[in-house]
Amino acid sequence: MKITRFAPSPTGYLHIGGLRTALFSWLAARHSDGKFFLRIEDTDLSRNSQEALEAIIKAFDWVGLDYDGEVFYQSQRFDIYKKYIEQLLDEGKAYRCYMSREELDTLREEQMARKERTRYDGRYRDFDGTPPSGVEPVIRIKAPLDGDIVFDDGIKGEISISAEEVDDLVIARSDGTPTYNFVVAIDDALMGLSDVIRGDDHLYNTPKQIVVYEALGFTIPNFYHVAMINNEQGKKLSKRDGATDVMEYQKLGFLPEALLNFLVRLGWSHGDQEIFSIDEMIELFDPKDINKSASSYNLDKLLWLNAHYIKNMPNEKLAKMLKDYGVEIDGHDRMEMLLDATKERGKTLVELAEQIELIVNAPKEYDAKAAKKAFKGESDSILARFATLLTDWDSELHLPADYHKVLESFVETEEIGFGKIAQPLRVSLLGSMTGSGMDEIMAILGRDETIDRIKNAVDFISANKAEG
RNA sequence: GGCCCCAUCGUCUAGCGGUUAGGAUACAUGGUUUUCAUCCAUGGUACCGGAGUUCGAGUCUCCGUGGGGUCACCA
């Protein structure tokens, strides 16, 4: 049973890369019938924003990731951290450092001038003299002075970092508030996490946190450091690369299941399988199978997945989702026919909405090229006769198949090829040369609207003939 | 710069010492569709370089190259 968490800081929207680590953590928990927690890292009071927090929760909600229990807020747990700071101070595992920011800056500059690695020199580590006045101390934890800090990363294998690389890190600021690496270690331990799955950028935090774990005698969890997602050029993903905010994907007409399917395949695979339902992901996911190397974001693949999920989604559900994109469809049969006729023609819900608008709204103008090609020769009289046939048709006209019979009968009595009527008809009804099948469109429009649109086209052709 | 990590078609990836290096996407061509899309078929394209180890290396080791991460009283 795995207990995992996602721990964003409320400083901005939920990033697409963040969503992937959240998904991995969530899957690991759900796969093992464990727990998945959401924890907000808001120890830096000056950087938090309520909007960011709400945006993150909203994104979770949209993609359908749930979390166990209530959301944890580190800002509400300061008492807990304080207790541990005092404990470490009492045990001599942490100490007050009276070095001012200015002194620290000076030290760093000197070190840089000497081309040394910048680091704290430990000057207050064993200090027992009289502290300088007027300086509010920070509290530092004693990190090991020699040896290596070693841990087994579930993805990358054994990671060994020399103790010399790890400073006596500040666990409490001079204003008394605790710092990131300290509270993360405490909360991860207190929340009983078995597995910490996080971005690669946290790899170097791990030894620091291990120092805290060991000082406090906590059990160290399994760590998994997931490589980053790069842009299509293989560089770091930035806002310039288009959508990085999860909620932008909703605006762009992506389905949560497509986005999740896309993300789960970035750095993880199960043989040759490409399509994964949420249930399949849960069933098959194991963090041990996550790849070591970084992967690149590829919009084409996401678009393909999205198209796949749109095509295979029940019409009823699709219709419901389309309301957010300004599409309201009246009547059950009409909705079914409309979506059957269009859902294979849109890669996103936005495109699908456009396809629907194209049918629902009578053409305001005819595409010039299409009109030139289709509205020539005898097209006006052919269309007129077809309208007459529709008007006089005395069996039921409801389903596409009904209209197909009309079309067939027309072609037969007129002794013309299918294209002779289909192309002018298409342009009459849609204004363009491409789109769904004629049978479907006529069924959606109904007899009256179909005849109206044909008559408009006939008028248009006649007017043009008179002019030309 | 120090430290750490990574490296198979353009992209996502399979591979886990012996394969004609597989799949997906994208692309091209053909078929189906009156059109478009869908769908189906076919095709081209990859093991970063160099040394080892081995009868045999995409797979193991080392070096190089390239890319990434990180070096805060941010998270």
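Just so we're on the same page: letters track the sequence lines, and every chain starts at 1. Computed from heavy atoms alone, side chains included, the values below leave out hydrogens, waters and symmetry copies.
If you take atom P in B:C55 and the same atom in B:U65, they sit 32 Å apart, rounded to whole Å. The same atom, P, is picked in B:C48 and in B:G58; the two are 10 Å apart, to the nearest Å. B:C47 and B:U8 have their P atoms separated by 11 Å, given to the nearest Å. B:U20 and B:G2 have their P atoms separated by 44 Å, given to the nearest Å. Taking atom P on both B:C6 and B:C60, the two are 11 Å apart, rounded to the nearest angstrom. Only the P atoms considered, B:C9 is 11 Å distant from B:G49, to the nearest whole Å. Only the C1' atoms considered, B:A7 is 15 Å distant from B:C63, to the nearest whole Å. Using atom P as the reference point in both B:U59 and B:G68, the two lie 24 Å apart (nearest Å).
Counted by atom type alone, A:Ser293 and A:Asn291 present zero donor-acceptor pairs between their side chains at under 3.5 Å. Side chains of A:Asp42 and A:Gln74: no donor on one and acceptor on the other come within 3.5 Å.
Closest-nucleotide positions on RNA chain B for A:Arg426 and A:Arg20 were compared, and the one nearer the 5' end corresponds to A:Arg20.
Across all strands shown, B:U29 is found opposite B:A41 as a Watson-Crick or G-U wobble partner, with both distances under 3.5 Å. Nucleotide B:G58 forms a pair with no other nucleotide shown, judged by Watson-Crick or G-U wobble geometry with both contacts under 3.5 Å. Pairing for B:C73 is absent, judged as Watson-Crick or G-U wobble with the two contacts each under 3.5 Å. Across all strands shown, the partner of B:G66 is B:C6, judged by Watson-Crick or G-U wobble contacts whose two distances both fall under 3.5 Å. With a 3.5 Å ceiling on both atom-pair distances, B:U19 lacks any Watson-Crick or G-U wobble partner.
The shortest heavy-atom contact between A:Arg5 and A:Val196 is NH2-CG1, 3.6 Å.
Proximity of the aromatic rings of A:Phe6 and A:Phe60 is defined here by a centroid distance below 6.0 angstrom, and this criterion is met. Checked against the 6.0 Å centroid threshold, A:Phe418 and A:Phe410 do not count as a close aromatic pair. Aromatic rings from A:Phe375 and A:Tyr366 are positioned such that their centres are separated by under 6.0 Å.
Protein atom CZ of A:Phe262 is 14 Å distant from nucleotide atom P of B:U11, rounded to whole Å. What separates NE2 of A:His308 from P of B:A37 is a distance of 20 Å, to the nearest Å. Atom CH2 in A:Trp304 sits roughly 13 Å away from atom P in B:U38 (whole-Å rounding). Counting to the nearest Å, the P atom of B:U35 and the CE atom of A:Met433 are 11 Å from each other. The separation between A:Ile155 atom CD1 and B:A7 atom C1' is 17 Å, rounded to whole Å. Put simply, CD on A:Gln423 is 13 Å from C1' on B:U33, counting in whole angstrom units. The distance from atom CG of A:Leu429 to atom C1' of B:U35 is 13 Å, rounded to the nearest whole Å. The NE2 atom of A:His270 sits 15 Å away from the C1' atom of B:G22 (whole-angstrom rounding).
Taking every heavy atom of residues 336-363 of chain A and every atom of RNA chain B, pairs under 4.0 Å involve A:Glu344, A:Arg345, by number.
Within 4.0 Å of A:Met438, counting heavy atoms only, lies at least one base atom of the nucleic acid. Residue A:Lys311 is in sugar-phosphate contact alone, with no base atom involved, counting any heavy-atom pair closer than 4.0 Å across all strands shown.
Residue A:Asn291 has a polar side-chain atom (N or O) positioned under 4.0 Å from OP1 or OP2 of B:A14. A sub-4.0 Å separation between OP1 or OP2 of B:C6 and a side-chain N or O of A:Lys292 is present. At the phosphate of B:G10, neither OP1 nor OP2 sits under 4.0 Å from any side-chain N or O atom of A:Ser296. Residue A:Ser269 places at least one side-chain N or O closer than 4.0 Å to OP1 or OP2 of B:A14.
Relative to the ring axis of A:Phe276, A:Arg265 does not place its NZ or CZ within 45° and under 6.0 Å from the centre.
Under a cut-off of 6.0 angstrom, the local environment of CG in A:Asp146 is sparse, with at most 12 non-hydrogen atoms contributed by other residues, nucleotides or ligands. Atom NZ of A:Lys376 has 12 or fewer heavy atoms from other residues, nucleotides or ligands within 6.0 Å. When the shell of 6.0 Å around CD of A:Glu164 is examined, it contains 12 or fewer heavy atoms from other residues, nucleotides or ligands. For CD of A:Gln273, the number of neighbouring non-hydrogen atoms (other residues, nucleotides, ligands) closer than 6.0 Å is greater than 12. More than 12 non-hydrogen atoms from other residues, nucleotides or ligands lie less than 6.0 angstrom from NZ of A:Lys142.
For A:Gln273 and B:G23, a side-chain-to-base donor-acceptor distance below 3.5 Å is absent, hydrogens and geometry of angles not being considered.
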### Task
Starting at the 5' end of nucleotides 66-75 of chain B, put B wherever the base has a protein heavy atom under 4.0 Å, S where only the sugar-phosphate does, and a dash everywhere else.
-SSBSSSBBB

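Closest to the A:Glu165 side chain, of the nucleotides B:C4, B:U34, B:G2, is B:G2. If you check B:C5, B:A14, B:C36 against the side chain of A:Ile159, the one that comes closest is B:C5.
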